[in-house]
Peer 1: 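Okay, handing you the structure first.
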There are 2 protein chains.
Amino acid sequence: MNIRLIRSYLLDLYKLGAGEKMIKAPTTELANFLGVSQQSVSRILNKLHTQDYIYKELRNRVLWIRITEKGLMEIEDYIKYVNDVYVNPGRFVFEGYVSTGLGEGAYYMSRKQYVTQFESILGFKPYPGTLNVRLKNPFYIYQNRLLRRLNGYKIKGFRTKERVFGDVKAFKAIINDRIDGAVIYAERSIYGFDMLEVIAPEYLRGFFKLKDGDKIKVVIYLNME
Amino acid sequence: MNIRLIRSYLLDLYKLGAGEKMIKAPTTELANFLGVSQQSVSRILNKLHTQDYIYKELRNRVLWIRITEKGLMEIEDYIKYVNDVYVNPGRFVFEGYVSTGLGEGAYYMSRKQYVTQFESILGFKPYPGTLNVRLKNPFYIYQNRLLRRLNGYKIKGFRTKERVFGDVKAFKAIINDRIDGAVIYAERSIYGFDMLEVIAPEYLRGFFKLKDGDKIKVVIYLNME
DNA sequence: ATTACTAGGGAGCGAGTAT
DNA sequence: TATACTCGCTCCCTAGTAA
């Protein structure tokens, strides 16, 4: 079942109180509330149950349901997303923690072919290194996944006689509300969705006196205009 | 197109900033963001456009879009609903304004066949009359529409030799945080979704010293347990 | 490059109905 | 009364491809 529909139905069940306790959920009655047929309610509840979003049991031939932990997490993430949509259209706010990467960043960011493109496309000459920001909040990880799907500014890869350097995607960003930089996604990143790679014209660790584990805020602005 | 999907897609477009201005929306790029194929984006945007949820225009063969007033209203209602879901599971909060109905309420509420049922099912003997509460906020109207679909407590209709009295549906409610009463929905109500009919053991206009236009709060608790 | 048409498959839907 | 099966229909999706 489509995740968009799953969220929508889970939300309605939550409204009925199924997030807190077992509730009586006769399919005929839910049909009215959800705006679908009794048969569809039956099918929907069974799918939600199969996919572990709700508990479900028959008591005296009547259904009782309750949303599972997995279902609650899905709802909470979604609610956060919805609110953030409203507060920050066109903006993606992240908070994460300074982290030491594998040192690759410096190597990449000092390649002349990349540097000249960053300079002309983003408008600044990046400091030769990246700041790794680890995301812990599942919502930020979700957002990062979304964002990574967008195209952003494209920095073309190239090849030397030693090896191939892949394409890089960049989004303009503001770090700690002060420095204009960017978040980059290497085509074949070694990091998962819980890591942001940030570049800037300054040495960020120096500028903000950062050490590992320090909290940092990164706001990405989309360039869809 | 399914309203659940419409909301979901509109929300994502809003996140990209399409609620505030025309944004460049190449279908290939949106495909990544929405998690569907380029072809689906084309189809989805066309449907949203046909149904007046977005503006859409081609500039140099690239799509630009913006969410319409209708789309924005849909989003706002939905966001309110989502937040309210989280804050008030199992509870439906309404705020409306005291209004004079057509005087039918008193006639109905003094039928003995109704009164005895109300007394045994809801646990109080209703004052012979209903308080009409007019809803103005579109969100409350939306909520009322949702609620009217649920079954609630069923009060059976009856017939006299003069005429037929239809079924009535009731939900327990608390009025102005003080009086335990109920909201009733007559099977063939003469009112639209912008009106709540409230009953209580007391004469509410007297108890709260209400006059037409006074604000009043009604909280409905679902009985799905 | 784009957008968007077509066709085929599959998911979601409700009516009828078995239990 | 309930729930949930089958079945046919519609809607939604993607791949291929035209413009």
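These values consider heavy atoms only, across backbone and side chains, with no hydrogens, waters or symmetry-generated copies. Naming: A, B, ... by sequence-line order, numbering from 1 per chain.
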Peer 1: If you pin A:Val62 and B:Val41 to their nearest nucleotides in DNA chain D, which one's is more 5'?
Peer 2: A:Val62
Peer 1: Report which part of the nucleic acid B:Asn60 touches: base, sugar-phosphate, or nothing (heavy-atom distance under 4.0 Å, all strands).
Peer 2: nothing
Peer 1: Is the phosphate of D:dC12, meaning OP1 or OP2, less than 4.0 Å from a side-chain N or O of B:Lys47?
Peer 2: yes
Peer 1: Does the side chain of A:Asn144 pick up a donor-acceptor pair with the side chain of A:Tyr185 at under 3.5 Å?
Peer 2: yes
Peer 1: Whole angstroms only, please: what is the CD-P distance between B:Glu57 and C:dA4?
Peer 2: 13 Å
Peer 1: When the nearest nucleotide of DNA chain D is assigned to A:Asn2 and to A:Thr27 on a heavy-atom basis, which residue is associated with the more 5' position?
Peer 2: A:Thr27
Peer 1: Check this for me: A:Arg59, atom CZ, are more than 12 non-hydrogen atoms of other residues, nucleotides or ligands nearer than 6.0 Å?
Peer 2: yes
Peer 1: Is the centre of the B:Tyr142 ring less than 6.0 Å from the centre of the B:Tyr81 ring?
Peer 2: yes
Peer 1: Figure out the CD/P separation between B:Glu29 and C:dA1, and round it to whole Å.
Peer 2: 15 Å
Peer 1: When you measure from the side chain of A:Arg43, which nucleotide among C:dC13, C:dT3, D:dC5 comes out closest?
Peer 2: C:dC13
Peer 1: Could you walk me through whether A:Asp180 and A:Ile175 pass the side chain to side chain contact (heavy atoms under 4.5 Å, CB included) check?
Peer 2: CA-CA 6 Å; A:Asp180 287 311; A:Ile175 296 96; over 6 Å; no
Peer 1: Which whole-number value in Å describes the distance from A:Leu5 CG to D:dC13 C1'?
Peer 2: 13 Å
Peer 1: For D:dT14, does either OP1 or OP2 sit under 4.0 Å from a side-chain N or O belonging to B:Ser40?
Peer 2: yes
Peer 1: To the nearest angstrom, how far is A:Leu48 atom CG from D:dT3 atom C1'?
Peer 2: 16 Å
Peer 1: Please report the distance, rounded to the nearest Å, between CD1 in A:Ile54 and P in D:dT3.
Peer 2: 12 Å
Peer 1: Measure from the side chain of A:Leu58, starting at C-beta and using heavy atoms only, and say which of D:dT3, C:dC13, D:dC13 lies closest.
Peer 2: D:dT3
Peer 1: Between B:Tyr114 and B:Phe158, is the ring centre distance below 6.0 Å?
Peer 2: yes
Peer 1: Would you indicate, yes or no, if C:dT2 has its OP1 or OP2 atom less than 4.0 angstrom from a side-chain nitrogen or oxygen of B:Lys24?
Peer 2: no
Peer 1: Looking at C:dG14, does its base get a donor-acceptor pair with the side chain of A:Gln38 below 3.5 Å?
Peer 2: no
Peer 1: According to a strict under-4.0 Å criterion, is A:Tyr9 in side-chain N/O contact with OP1 or OP2 of C:dG12?
Peer 2: no
Peer 1: Which listed nucleotide (D:dT3, D:dC13, C:dT3) is nearest to the side chain of B:Ser42?
Peer 2: C:dT3
Peer 1: Does the ring centre of B:Tyr9 sit less than 6.0 Å away from the ring centre of B:Tyr53?
Peer 2: no
Peer 1: Please give, in whole Å, the distance from C:dA1 P to B:Arg61 CZ?
Peer 2: 12 Å
Peer 1: Can you tell me the distance, in whole Å, between the CG atom of B:Leu45 and the C1' atom of D:dC12?
Peer 2: 15 Å
Peer 1: Roughly, in whole Å, what's the span from CZ in A:Arg4 to P in C:dA11?
Peer 2: 18 Å
Peer 1: Give the nucleotide from the list D:dG16, C:dG14, D:dC12 with an atom nearest to the side chain of A:Gln39.
Peer 2: C:dG14
Peer 1: Nearest of C:dA4, D:dT3, D:dC13 to any side-chain atom of B:Asn46?
Peer 2: C:dA4
